[in-house]
Amino acid sequence: LSGEYWEGEQLSLKAKEIFELIDHKEKLVSAYNNLGFSFRNRGRPKEAQPYFTKCLKLTEQLNDDRRNAYALTNLGMCAIFQGDHTPGLSNVLQAITTVHELNDKTLEAYGYNMLIYAYLHLGDFVNGEEACIKTEKLAREANAVFAVADSYTNRAIINTFQNKFKQAK
């Protein structure tokens, strides 16, 4: 898998250089986001953070609230993975507020799913379970089946950690 990421990083770096050269901010957001994901998904959040920070700045310049919410969520998760919990949770919650204001229940459900991951990482199973309930409600309303299933998986993990084995089946 690391070879695939390496090739992806190389391609994203080449794209980033071209988009910087022609000052194509919308496409730069995607290139920075891809680079950030590549590092974060390989357990290197410190290296991912600058790319997600650049995404955030560009989405603010572009007044692109949806992509801004993604950038906030990604930055928040990077902070949480590095032990910087308060600003990390703040970023994820701010992203959820943004997509709520956009009245996008699917994105809001996915935002709560990320919040579940954050709470799981922090060992905060009570808030994690509350986020599961919110995710499932929003996802059902938006017919976002994947988000419902993902939340069920997370709730099963929470129940297992809390020794609620009958509920985790």
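Scope of the values below: all heavy atoms of this structure, side chains included, with no hydrogens, waters or symmetry mates. Computed from a predicted model, the values in this text were never measured in an experiment.
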Let me see the working for Arg44 and Arg40 under side chain to side chain contact (heavy atoms under 4.5 Å, CB included), right down to the final yes or no.
CA-CA 5 Å; Arg44 296 162 60 184; Arg40 192 188 75 193; over 6 Å; no

Looking at every heavy atom in both [X] and [Y], which two are closest together, and how far apart are they?
X      : Y      : value
Ala31  : Phe19  : CB-CD1, 4.4 Å
Tyr32  : Cys55  : CB-SG, 3.5 Å
Ala131 : Ile116 : CB-CG1, 3.5 Å
Ala95  : Ala69  : CB-O, 3.3 Å
Leu107 : Asp104 : N-OD1, 3.0 Å
Asn113 : Ala147 : ND2-O, 3.4 Å

Rounded to the nearest 0.5 Å, how far does [atom2] of [Y] lie from [atom1] of [X]?
X      : Y      : atom1 : atom2 : answer
Leu115 : Met77  : CG    : CE    : 8.5 Å
Leu138 : Glu108 : CG    : CD    : 4.5 Å
Thr106 : Asn143 : OG1   : CG    : 8.5 Å
Glu129 : Thr135 : CD    : OG1   : 12.0 Å
Glu17  : Leu28  : CD    : CG    : 11.0 Å
Phe161 : Leu120 : CZ    : CG    : 7.5 Å

Using 4.0 Å as the upper bound for N to carboxylate O, is an ion pair formed by [Y] and [X]?
X      : Y      : value
Glu136 : Arg155 : yes
Asp23  : Lys25  : yes
Glu130 : Lys134 : no

Between [X] (side chain) and [Y] (backbone), is there a donor-acceptor pair under 3.5 Å?
X      : Y      : result
Ser151 : Val148 : no
Gln94  : Ser90  : no
Asn154 : Asp150 : yes

Could you walk me through whether Thr97 and His100 satisfy the side chain to side chain contact (heavy atoms under 4.5 Å, CB included) test, starting with their C-alpha distance in whole Å, then the side-chain angles of each, then the deciding distance to 0.1 Å, before giving a yes or no?
CA-CA 5 Å; Thr97 299; His100 178 78; 5.6 Å; no

Which of these passes side-chain contact (heavy atoms from CB on, under 4.5 Å) with Tyr119: Ile80, Leu89, Ile158, Val126?
Leu89

Mind checking whether His121 and His85 have parallel, tilted or perpendicular rings, split at 30° and 60°?
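Rings of His121 and His85: perpendicular, as their planes differ by over 60°.
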
Judged by modelled atom types alone, do Arg67 and Ser30 share a side-chain donor-acceptor pair under 3.5 Å?
yes

Is it the case that the side chains of Asp65 and Asn68 hold a donor-acceptor pair, with the cut-off being a distance below 3.5 Å and no angle test?
no

Measuring only between side-chain heavy atoms, which start at C-beta, is Lys14 closer than 4.5 Å to Lys16?
no

For a 4.5 angstrom cut-off between non-hydrogen side-chain atoms, does Asn74 reach Asn33?
yes

Apply side chain to side chain contact (heavy atoms under 4.5 Å, CB included) to the pair Gln49 and Gln82, showing each step before the final yes or no.
CA-CA 10 Å; Gln49 199 160 357; Gln82 294 178 81; 2.6 Å; yes

Partner set under salt bridge (charged side-chain N to carboxylate O under 4.0 Å, His left out) for Arg140, not counting sequence neighbours:
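Counting only residues at least two positions away or on another chain, Arg140 forms no salt bridge (charged side-chain N to carboxylate O under 4.0 Å, His left out).
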
Check whether [X] and [Y] end up in the same hydrophobic cluster, where Ile, Leu, Val, Met, Phe, Trp and Tyr are linked by side-chain heavy atoms less than 4.5 Å apart.
X      : Y      : result
Leu21  : Leu11  : no
Tyr70  : Val99  : yes
Leu13  : Leu58  : yes
Tyr110 : Val145 : no
Met114 : Leu122 : yes

Let me see the working for Val92 and Leu72 under side chain to side chain contact (heavy atoms under 4.5 Å, CB included), right down to the final yes or no.
CA-CA 6 Å; Val92 174; Leu72 279 168; over 6 Å; no

With ring centroids as reference points, do Phe52 and Phe37 lie under 6.0 angstrom apart?
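Centroid separation for Phe52 and Phe37: below 6.0 Å.
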
